[in-house]
Protein chains: 2
Amino acid sequence: MLRKLFTTEQNRPFCHAKRGCMKEKKEDRRISRTRRLMHEALMSLIVEKGYESITVQDILNRADVGRSTFYAHYRDKHELLFSSFELLRTLFEQQQQTIHTSRLTGRDPEVYFILELFRHTGQHHKLYKAIAGKQSGEMILKYLHRYLYKMLIGPNTELMKKRKAPPVPIEITTHFLVSTLLSLITWWLDNNMPYSPEKMDEIFRIMTTPTIEAAFDRKTTTHPAGSIKAFYNLFVESDCCP
Amino acid sequence: MLRKLFTTEQNRPFCHAKRGCMKEKKEDRRISRTRRLMHEALMSLIVEKGYESITVQDILNRADVGRSTFYAHYRDKHELLFSSFELLRTLFEQQQQTIHTSRLTGRDPEVYFILELFRHTGQHHKLYKAIAGKQSGEMILKYLHRYLYKMLIGPNTELMKKRKAPPVPIEITTHFLVSTLLSLITWWLDNNMPYSPEKMDEIFRIMTTPTIEAAFDRKTTTHPAGSIKAFYNLFVESDCCP
DNA sequence: TTCATTAATGAATATTGTGTTCGATAAAAG
DNA sequence: CTTTTATCGAACACAATATTCATTAATGAA
């Protein structure tokens, strides 16, 4: 029975990571092999001809798997793409976790978030280019936007609302920050990463810091560095589960 | 013959505007009527159920035209959407033209570009929401990005490159500015335009002005207003034809 | 008004892509 | 070795796309 595949995994077909899975069930080699093949097929196809124009048949040909096998794993190609993204996301969050715990002493870890994001993106640039580059689909970009929004700013909106009457409404500022970050990442990927992650991190700060100062009430902070620090403090510490 | 429709128009099926068309050929009323019906159908359908999920059959039902009629005009629904955007674009450019010629004396017209863009967007917000809002397809957003890029900055890149060694590469700054503008517009539309075009224009300046100053070499301009002015001077005067 | 032109019609049809089913096969686990 | 189960592959139903062509009717020009 094909459906058995789902019944054994109990409605969580994409639990690739160890996050939350106490029992490290050894996955059937055939399953991981098939999934890997399909992921690789999708990624290479996106780079070649763009996400939208890919058909399931293309994926089957490239991955060399049967039609029924595909639908045993994913409902459609969107779900396949989504699960690719989930793999990267959990990987990044694990790396974040280890970095933060190993840096208990030393300078504030919050400040490194953007840098780590660029590093991680560069590390897996082929995958990220497929997912977030020119050729990707709208769906995943919107999802990324929501994800970064929640990850960076969403849960801490209350903190930001305490400031009285900023010249620019807060929703716009947050929307703007996420858009800027996302546009920097996609630009970087689509232009074959001409600068280092460190440089991109620096650029992000140069471009957003003055805006943050201008958008929030400048008078509440005497030292400009204060507002920047306050903003970066909002970054991590969100238990976001989209 | 249905194909006659295209042979008479000689491979430029969407020459609705006068731009470049010297001979004002009176278009058959049936053609413009059919196209109008299909445009209206598409726009209302996008607002209702989102662009991606619309089928050609939906458009046919809503517009009440025959299947073959649709394909006589447009290759697919993408082309229909694209031609809708073209109508708005030429309308905006005509408005810009008349505004600029009527304001020969007075303050610099370049500065009004963003404001006029917001006003025009607000004026036709239903159409723009369909085209650029949450429900639209990604295709047109990417096209809008390219269009604004060319319109605002692209042709004048040489001018900007004369500045020596700015702290942020110019390509990134331009990309950033277009992304900011686009994200402001889509945010504004998706949130039912809670602020006036004037306020949005102000917000755009508040958010981008400090970045422009930071991204370009601050030391080359003594007066902050100078660099802003220089930037806005780059805006208009482009004969962009995407 | 008349008349040649041509856009629109609608029904038929080929084509493509999606998603499902099921018995047979082969690989993995125990 | 035996049981389990993921994969195969071919068939199928279905939905949507895109094309065709003879017929109808609206249009613009005389």
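The basis for the numbers below is simple: all heavy atoms, side chains too, and nothing from hydrogens, waters or symmetry mates.
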Participant: Output the residues of residues 43-51 of chain A in contact with DNA chain C, where contact means a heavy atom of the residue under 4.0 Å from an atom of the strand; sort by number or write none.
Facilitator: none

Participant: With a 4.5 Å heavy-atom cut-off, do B/L91 and B/H120 have their side chains touching?
Facilitator: yes

Participant: Looking at A/T34, I'd like to know whether one of its side-chain N or O atoms comes within less than 4.0 Å of OP1 or OP2 on D/dT7.
Facilitator: yes

Participant: Under a 4.5 Å cut-off applied to non-hydrogen side-chain atoms, are A/E40 and A/R62 in contact?
Facilitator: no

Participant: Could you work out, with side-chain hydrogen bond (donor to acceptor under 3.5 Å, both in side chains) as the rule, every residue matching B/K126, not counting sequence neighbours?
Facilitator: none

Participant: Would one find a side-chain N or O of A/H73 under 4.0 angstrom from OP1 or OP2 of D/dT7?
Facilitator: yes

Participant: Compare all side-chain heavy atoms of B/T121 with those of B/F92 and state whether any distance is below 4.5 angstrom.
Facilitator: no

Participant: I want to check something: taking the side chain as every heavy atom from C-beta on, are A/K129 and A/D190 in contact at a cut-off of under 4.5 Å?
Facilitator: yes

Participant: Please confirm whether the shortest side-chain N or O distance from A/S68 to OP1 or OP2 of D/dC8 is below 4.0 Å.
Facilitator: no

Participant: Give me the distances for all protein-to-nucleotides 25-27 of chain C N/O pairs that come in under 3.5 Å?
Facilitator:
unit_1	atom_1	unit_2	atom_2	d
C/dA27	N3	A/R30	NH1	3.3

Participant: Roughly how bent is the helix from C/dT1-D/dA30 to C/dG30-D/dC1 end to end, in steps of 10 degrees, with each end axis from five pairs?
Facilitator: 40°

Participant: Considering residues at least two apart in sequence or located in another chain, which fulfil the side-chain hydrogen bond (donor to acceptor under 3.5 Å, both in side chains) criterion with A/D64?
Facilitator: none

Participant: Do B/F118 and B/S196 have side chains that approach each other closer than 4.5 Å (heavy atoms only, starting at C-beta)?
Facilitator: no

Participant: Using a cut-off of under 3.5 Å, enumerate the N/O to N/O pairs linking the protein to nucleotides 16-18 of chain D.
Facilitator:
unit_1	atom_1	unit_2	atom_2	d
D/dT17	OP1	B/V56	N	3.3
D/dT17	OP2	B/V56	N	3.2
D/dA18	OP2	B/Y71	OH	3.4
D/dA18	N7	B/R67	NE	3.1

Participant: Would you say that more than 12 heavy atoms from the other residues, nucleotides or ligands in this model lie under 6.0 Å from the CZ of A/R33, or not?
Facilitator: no

